[in-house]
Amino acid sequence: MALYSEKVMDHFHNPRNVGVIENADGVGEVGNAKCGDIMKIYLKIENNIIVDVKFETFGCGSAIASSSMATELIKGKPVSEALTLTNKAVAEALDGLPAHKLHCSVLAEEAIKKALQNYYEKNGIEYDETQFPNHTACHGCDC
Ligand code: FES
């Protein structure tokens, strides 16, 4: 079996939603301390719906494919739904990632959560802090 699924290769070679949103309503940046990869997510939110999302990822192919898929999964969705997106769902939507690359999808989940947290803070919306991970934690990157 090939190391990467066709979907991973597709999203790596033709990533969706690459770029920057000027005046974004929420921005989240996370990095993996061990491999040094960085992911930044920009959200445009209207009436609690994510009407646009863009990303910039400086990292491995799996991180790029994960960002691309994650943005596709939350585009057009309510904020509450985007908050429940897990790295597992991103990896599943990509038809799987090799075990040693699962942490790359964690970066996507965290970047989205951080952007949503930023949106809440910018707009003075109260939120439950326990819904958000500690972004300084390392997620077992073995690269
Ligand atoms: Fe570090 Fe993929 S995010 S190797």
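Both ligands and their constituent atoms are indexed starting at 1 by order of listing.
Proximity of H103 to ligand 1 is established by a heavy-atom distance of less than 4.0 Å. Remark: distances from the non-hydrogen atoms of K34 to ligand 1 are all 4.0 Å or more.
Annotation: F12 is not in aromatic contact with Y4 [ring centroid separation under 6.0 Å not met].
Residue E72 comes nearest to N17 through the heavy atom pair OE2-ND2, 3.0 Å, listed as atom of the first residue, atom of the second, then distance.
Near K101, with a cut-off below 4.0 Å to any heavy atom, the atoms of ligand 1 are 4 (S). Those atoms of ligand 1 with a heavy atom of C104 less than 4.0 angstrom away are 2 (Fe), 3 (S), 4 (S).
With a 6.0 Å radius and a threshold of 12 heavy atoms from other residues, nucleotides or ligands, K122 has its NZ atom above the threshold.
Using a 3.5 Å distance cut-off with no hydrogens or angles, the side chains of D95 and S5 do not pair a donor with an acceptor. Remark: the E22 side chain and the Y42 side chain contain no N/O donor-acceptor pair separated by less than 3.5 Å.
Residue contacts with ligand 1 for N32 are absent, since no atom lies close enough (heavy atoms, distance under 4.0 Å).
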